[in-house]
Amino acid sequence: LPDGDSKIDHYVLEYRKTNFEGPPRAKEDQPWMVIEGIKGTEYTLSGLKFDMKYMNFRVRACNKAVAGEFSEPVTLETKAFMFRLDASTCHQNLRVEELSVEWDATGGKVQDVKAREKDGKGRTASPANSPAR
């Protein structure tokens, strides 16, 4: 971090997607994306997607006349969050099968629900059983 009397005006952050864990390789496919004019020593990079498994980052300090050398690159991982929908408890218009979800405007489950209601085994008027749940 710069001293209080430092001549640093701003920082430049560069990052890119990579398919490799660890330090950047000599020949990478992805170009560096550049963010200039960062005034502080912290920056939040938004808009990353979980499909970018590994990302390389490097930073350099600049004053009004010249930019310094880039830092040693670091590699970070953006982990994905996996979840599944339960076909038995989802909205009646959703058709859930293994890894796919489809909206069925005709309400594919409506017939099943109405049949259970006839047998006295359907939903009750409880808010816990409302379709909005």
Side-chain angles (χ1 to χ4, degrees):
L1 297 176
D3 297 330
D5 61 348
S6 172
K7 303 292 186 225
I8 293 175
D9 180 62
H10 66 277
Y11 296 92
V12 174
L13 172 69
E14 292 189 350
Y15 66 97
R16 67 180 171 191
K17 178 180 176 180
T18 180
N19 294 324
F20 307 104
E21 185 175 8
R25 307 288 170 100
K27 185 176 181 179
E28 293 278 354
D29 294 338
Q30 300 293 325
W32 289 99
M33 304 303 290
V34 180
I35 299 174
E36 296 186 27
I38 300 172
K39 294 293 185 179
T41 56
E42 292 182 20
Y43 183 80
T44 300
L45 183 61
S46 59
L48 295 179
K49 297 181 180 167
F50 66 84
D51 64 339
M52 297 179 193
K53 184 160 180 149
Y54 297 106
M55 305 271 307
N56 296 139
F57 292 87
R58 64 186 185 182
V59 67
R60 68 177 165 183
C62 305
N63 63 23
K64 294 189 187 301
V66 69
E69 294 292 320
F70 276 106
S71 65
E72 286 296 317
V74 295
T75 302
L76 302 175
E77 182 177 2
T78 56
K79 295 183 185 245
F81 176 74
M82 299 295 290
F83 65 92
R84 292 185 182 266
L85 294 176
D86 182 8
S88 64
T89 60
C90 69
H91 189 276
Q92 64 189 9
N93 288 21
L94 283 179
R95 187 180 320 137
V96 178
E97 297 171 358
E98 292 298 315
L99 298 176
S100 70
V101 177
E102 220 175 286
W103 179 259
D104 182 2
T106 62
K109 295 182 193 174
V110 172
Q111 291 80 14
D112 295 340
V113 170
K114 287 182 180 177
R116 284 186 298 202
E117 285 173 352
K118 274 187 178 178
D119 297 338
K121 298 177 182 173
R123 296 180 177 183
T124 66
S126 165
N129 291 322
S130 73
R133 192 174 118 227

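Computed from heavy atoms alone, side chains included, the values below leave out hydrogens, waters and symmetry copies. Note that the numbering runs from 1 along the sequence shown for the chain.
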Members sharing F70's hydrophobic cluster, built from side-chain contacts under 4.5 Å between Ile, Leu, Val, Met, Phe, Trp and Tyr, are none
Which ILVMFWY residues can you reach from V12 by hopping between side chains whose heavy atoms are under 4.5 Å apart? V34
What are the two closest heavy atoms between A87 and C90, and how far apart are they? O-SG, 3.6 Å
Search all heavy atoms of G40 against all heavy atoms of Y11 and return the closest pair with its distance.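 Between these two residues, the closest heavy atoms are O-CD1, 3.3 Å.
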What's the separation between atom [atom1] in [X] and atom [atom2] in [Y], rounded to the nearest 0.5 Å?
| X | Y | atom1 | atom2 | answer |
| --- | --- | --- | --- | --- |
| L45 | M33 | CG | CE | 10.0 Å |
| D86 | L94 | CG | CG | 11.5 Å |
| E102 | E97 | CD | CD | 7.0 Å |
| E14 | R60 | CD | CZ | 6.0 Å |
| L13 | W32 | CG | CH2 | 9.0 Å |
| S71 | R58 | OG | CZ | 8.5 Å |

Residue pairs passing the salt bridge (Lys or Arg N to Asp or Glu O under 4.0 Å) test where at least one lies in residues 31-48, sequence neighbours excluded: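 For residues 31-48: D9-K39.
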Working for side chain to side chain contact (heavy atoms under 4.5 Å, CB included), residues Y43 and V59: CA-CA 11 Å; Y43 183 80; V59 67; over 6 Å; no
Test item: Y15 and N56 side chains (from C-beta on) under 4.5 Å apart, heavy atoms: no
Can the positive tip of R95 be found less than 6.0 Å from the middle of the six-membered ring of W103, inside 45° of the ring normal?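 No, cation not above the ring by the 6.0 Å, 45° rule.
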